[in-house]
2 protein chains.
Amino acid sequence: MAHQTVGHPVRPGLPDDPRAGVTEPTPACPVEITLAALHGRWTTLVVRELLRGDRTFTELREALPALSDKVLSERLAHLVRMGVIDRHRRAGWPPRVRYTLTAHGRDLGPVLQALWDWGARHRPLPPGEPGGS
Amino acid sequence: MAHQTVGHPVRPGLPDDPRAGVTEPTPACPVEITLAALHGRWTTLVVRELLRGDRTFTELREALPALSDKVLSERLAHLVRMGVIDRHRRAGWPPRVRYTLTAHGRDLGPVLQALWDWGARHRPLPPGEPGGS
DNA sequence: CTGAATCCCTGCCGATACTG
DNA sequence: CAGTATCGGCAGGGATTCAG
């Protein structure tokens, strides 16, 4: 997926960020950056679990039973690369790894809230409902 | 892409919406609904253009030159189905079609703003910046 | 326990060509 | 002008298996 700008039109008083005028999906756009962080199936659910508190790999698997090891592993690595979560290894046996949100990760709370709010207000067309115009 | 809930943990005072506890990516989750509406490459850029005012097919192509006819057509049909935009045909020749945001579509402004804000605050790891924890 | 490697299948998106 | 039809490449993600 790829996305972009917006913001300038929504807030005419915004700083004249040149990224608000891009004409193609570029990774430099802030909207792209955020959607890239949340990209992938299960990603928002993993973030939600971590918003409730730090978790181990197994705890996440138990919270999301239908999520496979491979995909969970991928999602966690992705979120670490995106600076959303941190990975903490505890020495000894058995290996224990805890995942916690970074400061940036915690800042995703309001973003997910905005996504929730719009979806909650929106009727998912049951079927044949235009919208409201 | 697929996503989910959140909201309950972010706002402990939220109504006890059962959707806040789903354990897999279901279309019933509000977060899923919103991400489904914005799903697909170019989608947010098309919405941004329409937030600036209504547009015709050709005007959108000119605003987003790298976007192909086929994909633009797909995105517009998708956004209509999602209740985000309306399609207005004007009789006569040549055919003129204007696309405008619905009320729900205009409500996406704050959502895109939230996405913009997080991405703008976040350093896209240039490379090698964990996050903040 | 916490993953990584592999296989395969599906769905997206771009390019090109064609129609009302 | 405003699309649709078709094709092909590639990345995403699920199941299974293997490793530190």
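So that the names make sense, note that chain A is the first sequence line, chain B the second, and so on, each numbered from 1.
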Would you please confirm or rule out a distance under 4.0 Å between OP1 or OP2 of [N] and any side-chain N or O of [X]?
X	N	result
A/Thr58	C/dT2	yes
B/Tyr99	D/dC1	no
A/Trp93	C/dT2	no

Using the side-chain heavy atoms of [X], tell me which of these nucleotides is nearest: [options].
X	options	value
B/Val71	C/dG14, C/dG20, C/dA4	C/dG14
B/Phe57	C/dT2, D/dG3, C/dA4	D/dG3
A/Arg41	C/dT2, C/dG14, D/dG13	D/dG13
A/Arg75	C/dG3, D/dG13, D/dG3	D/dG13
B/Lys70	D/dG13, D/dC7, C/dG3	D/dC7
A/Thr56	D/dA2, D/dA5, C/dT2	C/dT2

Length of the line joining [X]:[atom1] and [N]:[atom2], which is rounded to integer Å:
X	N	atom1	atom2	result
B/Asp69	D/dT4	CG	P	10 Å
B/His39	D/dG12	NE2	P	12 Å
A/His88	C/dT2	NE2	P	14 Å
A/Arg89	D/dG20	CZ	P	13 Å
B/Glu24	D/dG13	CD	P	15 Å
A/Arg96	C/dT2	CZ	C1'	10 Å
B/Arg98	D/dG3	CZ	C1'	17 Å
A/Glu74	C/dT2	CD	P	18 Å

Query raised in the report: On DNA chain C, nearest-nucleotide positions of B/Ala66 versus A/Ala77: which is more 5'?
Result: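 The residue whose closest nucleotide sits nearer the 5' end is A/Ala77.
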Have a look at [X] and say if it touches a base, only the backbone sugar-phosphate, or nothing, with a 4.0 Å heavy-atom cut-off.
X	answer
B/Arg90	nothing
B/Ser68	nothing
B/Arg87	sugar-phosphate

**Report entry** Qualifying residues under salt bridge (charged side-chain N to carboxylate O under 4.0 Å, His left out), relative to B/Glu62, sequence neighbours excluded
**Finding:** none
Report task. Verify side-chain contact (heavy atoms from CB on, under 4.5 Å) between A/Thr56 and A/Arg96, making sure each step is shown before the conclusion. Result -> CA-CA 7 Å; A/Thr56 66; A/Arg96 279 268 161 180; 3.8 Å; yes
Query raised in the report: So, B/Thr34 versus A/His122: side-chain donor-acceptor pair below 3.5 Å or not?
Result: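 No, A/His122 and B/Thr34 have no side-chain donor paired with an acceptor closer than 3.5 Å.
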Could you check whether any side-chain N or O of [X] sits under 3.5 Å from a backbone N or O of [Y], counting only pairs where one atom can act as donor and the other as acceptor?
X	Y	value
A/Arg87	A/Ala77	no
B/Thr43	B/His39	yes
B/Arg19	B/Val31	no

